[in-house]
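Notes for the one structure printed next.
What you see below is based on every heavy atom in this structure, not just the backbone, and it leaves out hydrogens, waters and symmetry mates. Along the sequence shown, the residues carry numbers beginning at 1.
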Amino acid sequence: MGRSNAWTSEVDWQTGQWQRRDQGPTHHEWHPPSPRGILAKRPLTFFEVLDSGFRLLRFIPGLTIGAALIVFTLWTLILTALGTFVVLQFLPFLNDIVSNDDAMSGFFLLAQMGSFAISLLSLGVAHFLAGLAASGAEASFGARKTTLTQSWRSLHGRRWTLILAALLLGAVNLGLLLLLSLPSVLFALADNPVVAIVTALVALGLWVCALIWLNLRFAFTGSAIAVEGLGVRAGLRRSWTLTGRGFWRTLSQLGLGYFLSNQLVQLIITPLVSVLTVIATLAIGTAAASSTSITVITVVAGAALLILTTVSSAILFAYFSCLVCVCYFDQRMRSEGFDLVLIRREEGSA
């Protein structure tokens, strides 16, 4: 039988007897290895997650930064329109505040608190941006670029679900703010400004804590809707389940990433704002005494400042949405072995 020849004989493992091999050794067709992805197909370390957010941002800037620019341009126009309407409606009241130094100090404090609250309310937009970037992040495991148009088309049938989820989470954030600020409003109406300010500060702190906790537990809602095709309720439950494990790791990654990217953007934007302020001040000083010239310079400087703010916010939230997507896939790899699914998928498409 030629037992020593393993090419022509084999063992029948049911009977234990040698038998002739029916066919020769099989030869598998060679396939080129799958390309190395932008995101690693394995669980990431803490700082690798932060770096992967920047890598994803650089790899698909048209999708991430482009979508953020569109969304924040619309968001800025809406806020500008609302602010203009409020100023025009309460112009006599604002004139009375300007004439009183104590009232002016309180107004500046409330304005700073309101600006801080509006910036945190923008976190609701991050759920929508993360959903848009999720398809590009998934394709980046195979080093395939995704444009904004391709990502939008891939969300066919899930667009309104994603928008509704972002609006719902934004409404929850706003509802908590209004509920917690109600006592300070009542104290202010009762002509007790000191207690009203203290109550407002305490309410703001409580709201920030509740906002961070809720938005962290529901951080993966947009990504789950886009990648897994879930509805709003299923997406919320899915995010709640995924963030139940590794809560502090996810909180540290998203919090540190948001803080560092915010500081980086401020380092770039602050000198530009300072230069713009100096130029506007010199232009007003050298312009004619007519109110028309001063108004034109003020409007142009305000518009330029608004554009810089919009661009900086878009870049910040574009990176934050990429970071959310990376944390989403990393958590699925850690808890569900999604890295094996990605490897198998890339081998099949090679």
Side-chain angles (χ1 to χ4, degrees), residues 33-69 72 122-123 125-148 151 212 215-216 219-224 226-227 239 242-243 245-270 311-343 345-346:
S34 58
R36 182 180 180 182
I38 301 301
L39 301 181
K41 293 182 277 292
R42 57 173 175 79
L44 304 174
T45 62
F46 183 88
F47 291 103
E48 281 180 335
V49 170
L50 301 179
D51 178 65
S52 296
F54 282 109
R55 295 177 64 185
L56 185 61
L57 181 68
R58 294 193 302 266
F59 183 66
I60 45 174
L63 171 57
T64 55
I65 300 179
L69 278 175
F72 272 92
S122 302
L123 286 174
V125 180
H127 300 285
F128 177 74
L129 294 177
L132 276 177
S135 60
E138 188 176 17
S140 68
F141 285 105
R144 296 183 299 273
K145 287 191 175 183
T146 306
T147 63
L148 179 57
S151 176
I212 292 174
N215 282 270
L216 178 65
F220 300 152
T221 302
S223 301
V227 174
S239 178
L242 287 175
T243 54
R245 296 180 179 179
F247 176 85
W248 294 109
R249 183 186 68 253
T250 306
L251 175 62
S252 302
Q253 289 169 343
L254 294 180
L256 183 60
Y258 182 85
F259 174 76
L260 292 178
S261 59
N262 188 24
Q263 296 302 312
L264 180 61
V265 170
Q266 291 300 323
L267 287 175
I268 299 174
I269 295 298
T270 301
V311 172
S312 61
S313 300
I315 296 175
L316 170 62
F317 276 84
Y319 168 71
F320 188 71
S321 63
C322 292
L323 186 60
V324 169
C325 292
V326 173
C327 290
Y328 164 73
F329 287 111
D330 180 67
Q331 185 61 25
R332 289 190 63 184
M333 292 178 191
R334 292 176 179 273
S335 60
E336 301 174 352
F338 189 65
D339 50 338
L340 303 179
V341 176
L342 290 172
I343 293 173
R345 183 186 302 172
E346 296 300 328

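The side-chain heavy atoms of N262 and F259, taken from C-beta on, include no pair separated by under 4.5 Å. Counting only heavy atoms from C-beta outward, the side chains of I60 and S140 never approach each other to under 4.5 Å.
Remark: the backbone N or O of S312 is not paired with any side-chain donor or acceptor of Q266 at under 3.5 angstrom. A donor-acceptor pair under 3.5 Å is absent between the side-chain atoms of R144 and the main chain of E138, judged by distance alone. A donor-acceptor distance shorter than 3.5 angstrom exists from the side chain of R55 to the backbone of I38, with no hydrogens or angles considered. At distances below 3.5 Å, not a single donor-acceptor pair connects side-chain atoms of S321 with backbone N or O atoms of A130.
Screening L342, D339, V341, V227 for a side-chain contact (heavy atoms from CB on, under 4.5 Å) with R332, the sole residue that qualifies is V227.
A side-chain N or O of S135 and one of S151 form a donor-acceptor pair less than 3.5 Å apart.
Separation of atoms CG (L340) and CE (M333) is listed at 9.5 Å; rounding is to 0.5 Å. Within the model, atoms CG of D330 and OG1 of T250 stand 8.0 Å from one another, a figure rounded to the nearest 0.5 Å. To the nearest 0.5 Å, the span separating CG on L148 from CG on L69 amounts to 10.5 Å.
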(request) Verify side chain to side chain contact (heavy atoms under 4.5 Å, CB included) between V324 and L129, making sure each step is shown before the conclusion. (result) CA-CA 10 Å; V324 169; L129 294 177; over 6 Å; no
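Of all heavy-atom pairs spanning T147 and L63, the tightest one is O-CD1, 4.2 Å. In terms of heavy atoms, R334 sits closest to R249 at CD-NH2, 3.4 Å. For the pair A137 and F329, the tightest heavy-atom approach, listed with the atom from each and the gap, is CB-CE1, 3.8 Å. Considering every non-hydrogen atom in both S223 and C325, the closest pair reads OG-SG, 3.9 Å.
Under the ring-ring contact (aromatic ring centres under 6.0 Å, His included) criterion, Y319 pairs with F54, not counting sequence neighbours.
Ring geometry, F317 versus F72: the interplanar angle falls from 30° to 60°, so the pair is classed tilted.
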